[in-house]
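Predicted, not measured: the structure shown is a model, and the values here were computed from it. Per chain, numbering begins at 1; letters A, B, ... match sequence-line order.
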Amino acid sequence: MLDIQFIRDNAALVQTKAEQKGYKNVRVAELLELDTERRTRLTQIEELRARRNTLTAEMKGQKPTPEQAEQGRQLKEEIAARETELKAIEEKYTAQMMTIPNVTFDDVPIGGEEDSVEIKVVGDKPAGAIDHLDYAVQRDWVDFERGAKVAGTKFYYLKGDLALLENAITQYALQLVLSKGFTYLTVPHMVNSRIATGAGFAPRGDKEGNEYFVEDEDLTLIGTAEAPLTGFHADEILDEADLPKLYVGYSPCYRREAGTYGKHTRGLFRVHQFNKLEMYAFTLPEASREMHERILAIEEEIWQAIGVPYHIITIASGDLGAPAAKKYDIEYWSKVDGAYRELTSCSNCTDFQARNLNIRVRRKDGRIEVLHTLNGTAVSLARSLVVVLEHFQNEDGTLTVPEVLRPYMGGRDKI
RNA sequence: GGAGAGGUGGCCGAGUGGUUGAAGGCGCACGACUCGAAAUCGUGUGUAGGGUCAAACCUAUCGAGGGUUCGAAUCCCUCCCUCUCCGCCA
């Protein structure tokens with residue numbers, strides 16, 4: 001959530017930015033009324049408490065007189081009654097606070113998906129390739145039919161060399177990211193509701209949500225390692241000297257993907273479960289913008305090294321999630337579709353997630369403030385296989401192993 | 001799953017009804033000493049909200065929520081978590 005003080009000082013801005021993100025239910029004015037109401041009542045309660053504290057201090061160490069005891073009892077009742085009223089107001093206040101998305105940076109394009117801005121193009125736009133699914137099936141590298149039998153539609157098995165190739169991509173990307181100073185973490189594949197919502201994921205019962213939930217437990221299956229990585233330092237105060245904290249987490253990602261149909265969901269492009277290496281950074285507030293560029297650069301380095309044409313877009317406001325202040329996507333050039341398709345993504349969430357989960361930094365001068373968090377895809381595996389299958393397929397049905405991956409494929413140059 | 005122990009400040013750790021927001025230590029900040037540093041000594045140092053030009057000051061906070069009491073870190077109940085032993089198990 002946002003800092004209430006910031007909202008008070010920038011009410012119009014917060015309202016506008018929320019609307020630009022497409023959040024129609026945000027009512028900043030209403031929130032501020034609740035805020036005022038809440039503070040007024042809180043002050044009243046605090047006065048009553050002060051009176052109670054004075055009273056008990058007077059009778060400390062001695063038996064209270066009947067009058068004092070009676071006065072104390074009355075105060076207790078009045079405080080309890082007022083607290084009940086306050087609680088109801090605070091619930092409404094908190095609910096409103098949760099509806100307000102992070103404020104976007106001013107260099108974020110305004111508009112919907114089609115308004116995202118291309119900021120860089122690398123490589124050309126070759127055409128003509130066999131669809132990745134057909135190609136993989138013909139080699140018996142993927143089995144969606146058995147995936148459906150065992151779990152359901154959009155579940156799959158990877159077989160043989162393609163499964164090994166997934167592992168090679170993971171290993172290559174991991175080594176590269178580690179060389180940039182990141183620490184490898186394996187993570188819980190489920191998180192509790194506080195961490196899930198704090199990181200910006202939909203709560204149980206949200207029909208729009210993309211999450212799977214565990215029955216009878218306060219657990220959400222993660223849709224990305226971003227959730228447990230965000231929660232890693234929850235409720236901690238980190239030392240300025242220790243920042244930035246850079247982590248790379250590996251996990252399966254579980255997504256319901258309800259209601260997503262059509263061509264772009266064919267095969268491995270959009271599935272219920274895939275593996276992903278995710279970069280995550282905890283930074284000083286003034287350092288997050290630079291870190292965002294750094295994470296993007298690492299993503300570029302990976303795909304340049306593998307050898308795939310792509311472009312980078314800055315995501316427009318209406319296509320941003322609540323926590324993000326700015327997001328870049330790398331989209332690879334699809335030889336099959338003749339269009340760019342989403343491959344990786346990196347977001348600067350500024351202090352939004354960190355405030356939710358109480359992640360702070362103690363500055364050198366002793367001040368404590370909420371820090372900034374960022375996340376970025378190192379590699380998303382199922383989708384990476386789509387890319388390699390499209391770009392490295394050969395006429396004889398074999399697949400050339402991208403050079404940088406060969407050390408992780410037993411030195412083979414072709415599979 | 002069963003039995004027991006426990007959850008206190010950035011960290012460790014005292015504290016079983018009222019001078020305890022919390023001893024002591026570590027860490028950190030500042031100062032002294034030093035050419036400089038280490039060591040040593042001194043002073044300060046929880047977090048959040050309100051208040052103030054700034055202070056003073058007020059409120060909350062000892063895992064979470066409820067209860068008892070004039071008054072709760074301290075007593076009672078529920079839940080969560082951690083540790084030890086047993087059971088089970090990759």
message = With a cut-off of less than 4.0 Å, is there a side-chain N or O of Arg41(A) near OP1 or OP2 of G50(B)?
response = no

Filtered N/O pairs between nucleotides 44-49 of chain B and protein, under 3.5 Å:
{"from": "U47(B)", "atom 1": "O3'", "to": "Arg360(A)", "atom 2": "NH1", "distance (Å)": "3.2"}
{"from": "A48(B)", "atom 1": "OP1", "to": "Arg360(A)", "atom 2": "NH1", "distance (Å)": "3.4"}
{"from": "G49(B)", "atom 1": "N2", "to": "Glu46(A)", "atom 2": "OE1", "distance (Å)": "3.3"}

Base-pairing assignment for A38(B) (Watson-Crick or G-U wobble, both under 3.5 Å) = none

key: Base paired to C89(B) (Watson-Crick or G-U; both N/O distances under 3.5 angstrom)   = none

Got a list of side-chain donor-acceptor pairs under 3.5 Å for residues 227-239 of chain A, not counting sequence neighbours?
{"from": "Thr230(A)", "atom 1": "OG1", "to": "Glu226(A)", "atom 2": "O", "distance (Å)": "2.6"}
{"from": "Thr230(A)", "atom 1": "OG1", "to": "Tyr280(A)", "atom 2": "OH", "distance (Å)": "2.8"}
{"from": "His233(A)", "atom 1": "ND1", "to": "Glu236(A)", "atom 2": "OE1", "distance (Å)": "2.8"}
{"from": "His233(A)", "atom 1": "NE2", "to": "Tyr247(A)", "atom 2": "OH", "distance (Å)": "2.7"}
{"from": "Asp235(A)", "atom 1": "OD1", "to": "Arg194(A)", "atom 2": "NH2", "distance (Å)": "3.1"}
{"from": "Asp235(A)", "atom 1": "OD1", "to": "Asn358(A)", "atom 2": "ND2", "distance (Å)": "3.3"}
{"from": "Asp235(A)", "atom 1": "OD2", "to": "Arg194(A)", "atom 2": "NH1", "distance (Å)": "2.9"}
{"from": "Asp235(A)", "atom 1": "OD2", "to": "Arg194(A)", "atom 2": "NH2", "distance (Å)": "3.4"}

query = U8(B) and A14(B): how far apart are their P atoms, nearest whole angstrom?
reply = 11 Å

query = Base, sugar-phosphate, or nothing: which does Asp239(A) touch, judged by heavy atoms less than 4.0 Å apart?
reply = nothing

query = In whole Å, what separates the P atom of G4(B) from that of G15(B)?
reply = 23 Å

All salt bridge (charged side-chain N to carboxylate O under 4.0 Å, His left out) counterparts of Glu278(A), not counting sequence neighbours = Lys276(A)

inquiry  = Work out how far the P atom of G2(B) is from that of C11(B), and round it to whole angstrom.
reply    = 32 Å

Complementary nucleotide for G51(B) - Watson-Crick or wobble, under 3.5 Å = none

message = What's the gap between G51(B) and A64(B) when it is taken at their P atoms, as a whole Å value?
response = 26 Å

key: P spacing across the pair G21(B) / C77(B), given as an integer number of angstrom   = 26 Å

message = Going by salt bridge (charged side-chain N to carboxylate O under 4.0 Å, His left out), name the residues that satisfy it together with Glu403(A), two or more places apart in sequence or in a different chain.
response = none

remark   = Here the distance between atom P of C81(B) and atom CD of Glu217(A), to the nearest Å, is 9 Å

inquiry  = Please give the distance between the C1' atoms of C53(B) and U34(B) as a whole number of Å.
reply    = 41 Å

query = For RNA chain B, whose closest nucleotide is more 5', that of Ala69(A) or that of Arg51(A)?
reply = Arg51(A)

task = Taking Asn394(A) for its side chain and Asp396(A) for its backbone only, find out whether a donor-acceptor pair lies under 3.5 Å.
result = no

query = Quick one, which residues of residues 71-89 of chain A touch RNA chain B with a heavy atom under 4.0 Å?
reply = Gly72(A), Arg73(A), Lys76(A), Lys87(A)

query = If each of Gln5(A) and Ala50(A) is mapped to the nucleotide of RNA chain B with the nearest heavy atom, which maps nearer the 5' terminus, i.e. the 5' end?
reply = Gln5(A)

query = Expressed as a whole number of Å, how far does the C1' atom of G63(B) sit from that of C57(B)?
reply = 31 Å

message = With heavy-atom distances below 4.5 Å as the criterion, would you say the side chains of Phe269(A) and Phe274(A) are in contact?
response = no

query = Between the side chains of Gln71(A) and Glu67(A), does any donor sit under 3.5 Å from an acceptor?
reply = no

query = Side-chain N or O of Asn53(A) less than 4.0 angstrom from OP1 or OP2 on A60(B)?
reply = yes

ask   = Whom does G24(B) pair with, Watson-Crick or G-U wobble, provided both distances fall under 3.5 Å?
value = C12(B)

task = Just name whichever nucleotide pairs with U43(B), Watson-Crick or G-U, keeping both distances under 3.5 Å, else none.
result = A29(B)

Length of the CG-P vector between Leu55(A) and U59(B), whole Å = 13 Å

Residue matched to A3(B) through Watson-Crick or wobble contacts both under 3.5 angstrom = U84(B)

ask   = Nearest-Å distance, CD (Glu240(A)) to C1' (G27(B))?
value = 16 Å

inquiry  = Rounding to an integer number of Å, can you tell me how far Leu48(A) CG sits from G50(B) C1'?
reply    = 15 Å

request  = Please confirm whether Arg38(A) makes a cation-pi placement over Tyr93(A), using NZ or CZ under 6.0 Å from the six-membered ring centre and within 45° of the ring normal.
outcome  = yes

ask   = Taking CG from Asn358(A) and C1' from U61(B), how many angstroms apart are they, rounded to a whole number?
value = 13 Å

request  = Searching all strands shown, indicate the nucleotide that pairs with C70(B) (Watson-Crick or G-U wobble; both distances under 3.5 Å).
outcome  = G18(B)

query = Rounded to the nearest Å, what distance is computed from the CZ atom of residue Arg194(A) to the C1' atom of nucleotide G63(B)?
reply = 12 Å

request  = Decide, yes or no, whether a salt bridge links Glu293(A) with Arg289(A) under the criterion of side-chain N to carboxylate O below 4.0 Å.
outcome  = no

task = Identify whether the distance between the nearest side-chain nitrogen and carboxylate oxygen of Asp3(A) and Arg8(A) falls below 4.0 Å.
result = no

query = Taking it one step at a time, do Tyr340(A) and Trp333(A) satisfy ring-ring contact (aromatic ring centres under 6.0 Å, His included)?
reply = CA-CA 4 Å; Tyr340(A) 286 108; Trp333(A) 176 257; 5.0 Å; yes

task = Could you note down all residue pairs passing side-chain hydrogen bond (donor to acceptor under 3.5 Å, both in side chains) where residues 404-415 of chain A supplies at least one of them, sequence neighbours left out?
result = Asp161(A)-Arg412(A)

ask   = If you measure from the C1' atom in G25(B) to the same atom in G46(B), how many Å do you get, rounded?
value = 16 Å

ask   = Expressed in angstrom and rounded to an integer, what is the separation of His233(A) atom NE2 from C11(B) atom P?
value = 13 Å

request  = Please determine, for U78(B), whether a Watson-Crick or G-U wobble partner exists with both distances under 3.5 Å, and give it or none.
outcome  = A64(B)

inquiry  = Applying ring-ring contact (aromatic ring centres under 6.0 Å, His included) to Tyr328(A) and His292(A), what does each step give before you reach the verdict?
reply    = CA-CA 9 Å; Tyr328(A) 295 121; His292(A) 197 192; 4.6 Å; yes

task = Starting from C1' on G50(B), measure out to CD on Glu90(A) and report it in whole angstrom.
result = 13 Å

